[in-house]
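See below for the structure under consideration.
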Amino acid sequence: MRLSKFHLATVKEVPADAEIASHRLMLRAGMLRKHAAGLYTWSPLGFKVLKKVEAVVREEMDRAGALELAMPTIQPRELWDETGRWQKFGGQLLKIKDRKEAEYCYGPTAEEVITDFARSELKSYKQLPVNFYQITPKFRDEIRPRFGVMRAREFLMKDAYSFHVDEASLGREYDNMYATYARIFTRLGLAFRAVAADTGAIGGSRSHEFQVLADSGEDAIAFSDASDYAANVELASALAPGPRAAAREAMREVPTPGKATCADVAALLGIDIRRTVKSVCVVGENGFVLALVRGDHDVNEVKLQKIPGLAEYRLANEQEIIAALGAKPGYLGPVGADRKKVRVIADREVAAMADFVVGANKADFHIAGVNWGRDLPEPDAVADIRKAIEGDLSPDGKGRLKIARGIEVGHVFALGTKYSEAMGATVLDTDGKNRPMQMGCYGIGVSRIVAAAIEQNHDDAGIVWPEPMAPWRMAVCVINPKNDAKINEAASALYGELNAAGIETCLDDRGLRPGAMFADIELIGIPHRVVVSERGLAASTFEYRGRRDAESRNLTREELFARLG
RNA sequence: CGGGGUGUAGCUCAGCCUGGUAGAGCGCUACUUUCGGGAGGUAGAAGUCGGAGGUUCGAAUCCUCUCACCCCGACCA
């Protein structure tokens with residue numbers, strides 16, 4: 001591509017609210033143009049990159065044996081009613097009506113449609129296993145779109161759905177997809193980690209996320225420093241605590257005026273915060289619940305939701321708290337609570353504590369030396385309800401947990417029969433019996449990968465593309481093309497030869513001043529650059545510089561081609 | 001949905017408090033001098049000041065309503 005014929009639209013200034021590097025750089029490089037919250041046009045430059053990512057995903061999916069198809073982006077309500085997700089999916093589902101007032105949604109995912117397709121196409125175990133995929137726009141009406149295409153409302157996603165006669169077959173395809181994803185992200189040149197994940201709204205039994213590691217990531221992931229254990233913090237557990245120690249202290253009330261946090265109370269009493277207990281009040285389906293975690297821990301909402309009766313809990317408001325416990329937040333605790341009205345759920349760590357400190361349910365007082373069984377009844381339930389933190393013992397007993405941040409770019413789920421049962425997608429097995437197909441689903445956020453790659457690969461000058469997704473691998477820059485036809489010819493010739501050699505190259509023949517030209521080429525992240533000028537021409541060398549190099553070097557034509565291999 | 005903020009030229013913003021009929025930088029057009037790290041000069045095009053209503057002799061500016069966008073929170077592949 002000759003850049004004089006290309007729509008390269010770099011800009012110097014960018015809105016102050018573009019907060020993260022990828023969003024800022026995509027705007028500066030002119031890859032994106034926003035029309036409304038979470039809705040973007042990909043410019044020719046941005047689209048080129050998006051297509052590169054898409055191509056890698058497609059190649060690897062095809063290689064893995066999946067079959068590409070295309071489903072409609074607009075989906076009828078009837079299918080979503082069959083699985084109950086018309087209601088359950090919530091506000092993220094964009095609902096629309098046609099002229100006849102019939103209801104549809106813009107597809108945020110396609111389990112319903114593919115299952116509808118599968119139940120009419122697949123009748124026999126002999127047609128299985130099969131894995132269908134598509135790479136199409138999806139729409140989720142995000143509560144808060146942000147960070148450019150990182151969390152857009154319309155985005156490009158590869159979604160794949162596999163069908164199996166039994167769980168063993170599903171397990172094999174799950175492993176196949178897991179390996180395929182690892183290959184895709186490796187090929188794209190990204191530093192990533194596969195982590196065990198919560199199955200969330202999609203449902204299912206087994207699930208892994210593929211996280212691109214980046215400090216700006218919205219997800220926290222926990223991994224062991226001594227084993228391959230890795231999980232989203234939503235799911236990550238610490239090793240279960242040992243048995244409870246014996247009580248040694250007497251229970252006593254202590255004044256703690258104005259000390260409403262565990263950290264303040266611990267400091268006042270001169271004790272380790274790990275001897276305090278934090279009380280969190282929520283309201284579940286069956287009423288008021290007091291959830292207890294150690295003072296230095298936080299409640300994990302996802303884990304708490306898994307407790308029976310708390311699937312749709314919310315935080316209690318102050319009136320409800322005062323009605324249930326008789327005190328305001330900051331001085332709450334389980335001691336003396338009316339257990340008919342208040343269900344006490346203790347984190348495993350809390351259940352294993354002795355001689356601990358809790359709020360007294362009385363303003364400005366706490367109770368120290370508290371012990372389960374002696375001073376209050378045992379918890380109504382004990383479960384792992386806390387967030388794992390850095391330094392926790394890994395649940396496999398090997399090493400300690402570290403916490404890193406990541407950007408979720410892929411997710412694999414073993415769905416089981418959740419959708420096939422709801423929608424009656426069955427096949428005849430070898431015994432001639434109808435049985436619901438086992439399903440897996442496998443998503444990759446194609447547009448998000450572009451942003452994630454920039455988060456991981458940029459510097460002060462701009463984007464530093466991994467080669468597989470760069471819009472061009474090489475840029476040939478011409479200095480003062482107007483002054484000297486020979487320079488122009490030499491540059492054109494080199495440009496033609498590089499492309500002929502399979503090295504995708506752009507020619508910067510826009511006639512810009514060198515400074516502006518170099519700044520643009522660096523901003524848009526081209527991995528390799530050659531400058532053609534009077535100087536080099538005289539010496540029969542080309543001035544080469546890699547995007548990450550500090551300085552240029554003069555190479556002969558042979559050296560240059562050898563380097564790009 | 002709760003709290004906060006912003007809408008003025010293609011872009012980034014100033015002007016608003018204290019009302020007098022709109023500015024800067026970048027970009028764009030023409031000419032010119034430049035020409036190896038975002039050049040300089042000259043001339044120029046370009047804005048119903050998000051929308052509606054109100055107050056006023058007069059509204060970008062004050063008031064009311066409304067729409068859009070952004071931030072924090074709750075929520076989320």
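Chain letters run A, B, ... following the sequence lines, proteins first and then strands; every chain starts at 1.
The phosphate of B:C70 (OP1 or OP2) has a side-chain N or O of A:Lys34 nearer than 4.0 angstrom. At B:G38, none of the side-chain N or O atoms of A:Arg513 fall inside 4.0 Å of OP1 or OP2 (strictly under the cut-off).
Using the Watson-Crick or G-U wobble rule with both distances under 3.5 Å, B:C28 pairs with B:G44. Figure legend. B:G73 is base-paired to B:C1; pairs are counted as Watson-Crick or G-U wobble with both atom distances under 3.5 Å. Of all nucleotides present, only B:G20 satisfies the Watson-Crick or G-U wobble test against B:C57, with each distance under 3.5 Å. Judged by Watson-Crick or G-U wobble contacts below 3.5 Å, the nucleotide B:U34 has no partner. Within the shown strands, B:C67 is the pairing partner of B:G7 under the Watson-Crick or G-U definition, both distances less than 3.5 Å.
Relative to the six-membered ring of A:Phe155, A:Arg140 misses at least one condition, a distance below 6.0 Å or an angle of at most 45° to the axis.
Going from atom NZ of A:Lys12 over to atom P of B:A24 covers 18 Å, rounded to whole Å. The CG-C1' distance, from A:Asp141 to B:A77, rounds to 15 Å in whole Å. Straight-line distance from the CZ atom of A:Arg33 to the P atom of B:G10: 10 Å, rounded to whole Å. If you take NZ of A:Lys88 and P of B:C76, they are 15 Å apart, rounded to a whole angstrom. Put simply, CG on A:Asp520 is 14 Å from C1' on B:C26, counting in whole angstrom units. Distance, A:Glu522 CD to B:G37 P: 12 Å, rounded to whole Å. Note: NZ (A:Lys158) to C1' (B:A77) measures 12 Å, nearest angstrom. Separating the CG atom of A:Asn488 from the P atom of B:C35 is a distance of 19 Å, rounded to the nearest angstrom.
Rounded to a whole angstrom, the distance from the C1' atom of B:U42 to that of B:G37 is 27 Å. Separating the C1' atom of B:A9 from that of B:C26 is a span of 12 Å, rounded to the nearest Å.
When heavy atoms are screened at a 4.0 angstrom cut-off, A:Val531 is found touching base atoms of the nucleic acid. Residue A:Met517 is classed as having no contact, given no heavy-atom separation below 4.0 Å to the nucleic acid. Using a 4.0 Å heavy-atom distance criterion, A:Arg153 is classed as making no nucleic acid contact.
Two residues, A:Phe155 and A:Ala519, neighbour RNA chain B, and the one matched to the more 5' nucleotide by heavy-atom proximity is A:Ala519. With the nearest nucleotide of RNA chain B identified for both A:Gly410 and A:Val14, A:Val14 has the one nearer the 5' end.
Below 30°, between 30° and 60°, or above 60°: for A:Phe185 and A:Phe210 the angle between ring planes is between 30° and 60°, a tilted geometry.
Taking only side-chain atoms of A:Phe413, from C-beta outward, the nucleotide of B:G37, B:A77, B:C75 with the closest atom is B:A77. Counting only heavy atoms from C-beta on, A:Asn480 has its side chain closest to B:C35 among B:C35, B:C69, B:G38. Comparing B:G37, B:C71, B:A77 by their nearest atom to the side chain of A:Glu19 picks out B:C71. Distances were taken from every side-chain heavy atom of A:Glu13 (C-beta onward) to each of B:G38, B:C11, B:C71; the shortest belongs to B:C11. Out of B:G37, B:C76, B:C35, the shortest distance to the side chain of A:Arg529 is found at B:G37.
Residues forming a salt bridge (Lys or Arg N to Asp or Glu O under 4.0 Å) with A:Arg448 (at least two apart in sequence, or on another chain): none. Not counting sequence neighbours, the partners of A:Arg183 by the salt bridge (Lys or Arg N to Asp or Glu O under 4.0 Å) test are A:Glu60. The salt bridge (Lys or Arg N to Asp or Glu O under 4.0 Å) search around A:Lys12 returns none, not counting sequence neighbours. Qualifying salt bridge (Lys or Arg N to Asp or Glu O under 4.0 Å) partners for A:Asp219, counting only residues two or more places apart in sequence or in other chains: none.
Contacts between residues 175-194 of chain A and RNA chain B, counted as heavy-atom distances below 4.0 Å, involve no residue at all.
Looking at A:Arg510, its side chain has no donor and acceptor atom pair within 3.5 Å of the base of B:G38. For A:Arg151 and B:C76, a side-chain-to-base donor-acceptor distance below 3.5 Å is present, hydrogens and geometry of angles not being considered.
A side-chain hydrogen bond (donor to acceptor under 3.5 Å, both in side chains) check over residues 36-46 of chain A, counting only residues at least two apart or in different chains, returns the pairs A:His35-A:Thr41.
Tested against A:His208, the residues A:Tyr178, A:Tyr442, A:Tyr174 include a single side chain to side chain donor-acceptor pair (under 3.5 Å) partner, A:Tyr174.
The residues A:Asp520 and A:Arg510 are annotated as salt-bridged, a charged nitrogen and a carboxylate oxygen being separated by less than 4.0 angstrom.
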